[in-house]
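Contents: one structure, followed by commentary.
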Amino acid sequence: MEGDNHVEVVVGADGTIDLYVSDAVRTPIPPKDVTGTITIEAKGKEKQTLALAPSDAKGSLSAKGPAPDKADYTWDLKVRGAPMKMTLTVPSGGTASLVDAPAGHPSGDHAHGSPHGGVVQTIAGGHVEVKLEKSGEITLWMLDGNEKPRSAKGVTASLRPVVAGAKEIQLAYDEKADVLRGKIDPVKQDHVDGVLSITPAGGTATSLRFAFHLEGPAGAGAGHDGHKGHEGHTGHEGH
């Protein structure tokens, strides 16, 4: 995600590239409203820049590149006039390999776990884990540098879902569970981003952006603060 827009990229094992662009609430943006290129750069190989062409049949911007071999794919787009440039490292086998990767994932300088099935990000002095349920229930845990529980007492935080019409929700401290809790309206989307504003006890206020993936029967916001790889959603419509 960049600004208010999302890009989902699918790179097939045969080198086919499809980019699906959507707005802040995941409504698809027609390919005719997007222009741009994608650059493929693999170590030891010549860089290639390909023009992306609209595919009305797929609802994507598409190109045909070489079979993926651990290369950086950088898309440089204009989405309804707004620039959007991101990079995703695609392994051999294409983005399907990212979907099949273990739950632990790179984020920042090290891999994060998910002690309570939520999304973990680094903050000063440790980590914070946030879980969003389809019911709208929000739970926040404070974690230390090793992702072990630490007290949430004295922490103030609020969460603003990146959903049209959504309001910022102040999270309240639950002394018995030693967590912060809040509730929004039930979530209808499978993917929801949220902006967390948090001030640790005695610390400095900071804002973090979380990506919650709510697929599955449990509807848990389990695990990816990096949108599978670098803010690129993989596996469009099951591919």
Side-chain angles (χ1 to χ4, degrees), residues 1-3 6 24 86-89 91 98-163 166 168-184 187 189-216 218-234:
M1 186 174 190
E2 183 175 355
H6 290 80
M86 300 185 225
T87 299
L88 174 69
T89 300
L98 294 174
V99 175
D100 295 334
H105 63 283
S107 177
D109 58 349
H110 63 283
H112 288 157
S114 183
H116 306 93
V119 183
V120 177
Q121 289 211 45
T122 302
I123 60 171
H127 301 83
V128 59
E129 180 178 5
V130 181
K131 187 174 184 179
L132 173 64
E133 307 279 359
K134 280 254 183 179
S135 64
E137 297 286 345
I138 303 163
T139 308
L140 181 152
W141 294 266
M142 297 299 293
L143 308 172
D144 64 16
N146 296 315
E147 298 184 13
K148 301 297 183 185
R150 60 173 174 153
S151 179
K153 189 173 183 178
V155 177
T156 59
S158 61
L159 185 76
R160 180 178 61 81
V162 184
V163 177
E168 187 168 23
I169 303 298
Q170 191 70 34
L171 305 182
Y173 179 59
D174 180 337
E175 185 173 3
K176 184 176 181 180
D178 199 12
V179 298
L180 298 183
R181 299 189 188 277
K183 192 173 190 311
I184 61 173
V187 180
Q189 299 92 333
D190 284 337
H191 303 276
V192 176
D193 283 7
V195 177
L196 178 74
S197 300
I198 182 169
T199 305
T204 303
T206 189
S207 292
L208 299 167
R209 192 166 196 136
F210 285 74
F212 301 102
H213 297 258
L214 305 171
E215 303 96 330
H224 305 283
D225 57 338
H227 282 201
K228 287 279 190 192
H230 174 70
E231 297 192 348
H233 292 290
T234 61

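Predicted, not measured: the structure shown is a model, and the values here were computed from it.
Between Tyr173 and Ser151, the shortest heavy-atom contact is OH-OG, 4.3 Å. Residues Thr199 and Ala205 share a closest heavy-atom pair of OG1-CB, 3.3 Å. Closest approach of Ile184 and Pro161 over heavy atoms only: CD1-CG, 3.8 Å. The minimum heavy-atom distance linking Ala152 with Leu180 is given by the pair O-CD2, 4.4 Å. The two residues Gln170 and Ser158 have their closest heavy-atom pair at OE1-CB, 3.7 Å. Looking at every heavy atom in both residues, Val155 comes nearest to Met142 through CG2-CG, 4.0 Å.
Under a cut-off of 6.0 angstrom, the local environment of NZ in Lys153 is sparse, with at most 12 non-hydrogen atoms contributed by other residues, nucleotides or ligands.
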One pair to check against side-chain contact (heavy atoms from CB on, under 4.5 Å): Gln121 and Val130. What are the steps and the verdict? CA-CA 9 Å; Gln121 289 211 45; Val130 181; over 6 Å; no
side-chain contact (heavy atoms from CB on, under 4.5 Å) evaluation trace for Ile169 with Arg181: CA-CA 10 Å; Ile169 303 298; Arg181 299 189 188 277; over 6 Å; no
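For the pair Leu143 and Pro115, the minimum side-chain heavy-atom distance is below 4.5 Å. Between Lys131 and Trp141, the closest side-chain pair of non-hydrogen atoms falls below 4.5 Å. When side chains are defined from C-beta on, His6 counts as touching Asp193, because their heavy atoms get closer than 4.5 Å.
The side-chain contact (heavy atoms from CB on, under 4.5 Å) test with Val128 is passed by exactly one of Val120, Leu196, Val119: Leu196.
Applying the side chain to side chain donor-acceptor pair (under 3.5 Å) rule to Asp144 yields no partners; only residues at least two apart in sequence or on another chain are considered.
To the nearest 0.5 Å, atoms CG (Leu132) and CZ (Phe210) are separated by 11.5 Å. Atom CD1 of Ile198 and atom CG of Leu140 lie 5.0 Å apart (nearest 0.5 Å).
In this structure, the side chain of Glu129 engages the main chain of His116 through a donor-acceptor pair within 3.5 Å. Not a single donor-acceptor pair under 3.5 Å links the side chain of Glu133 to the backbone N or O of Ile138.
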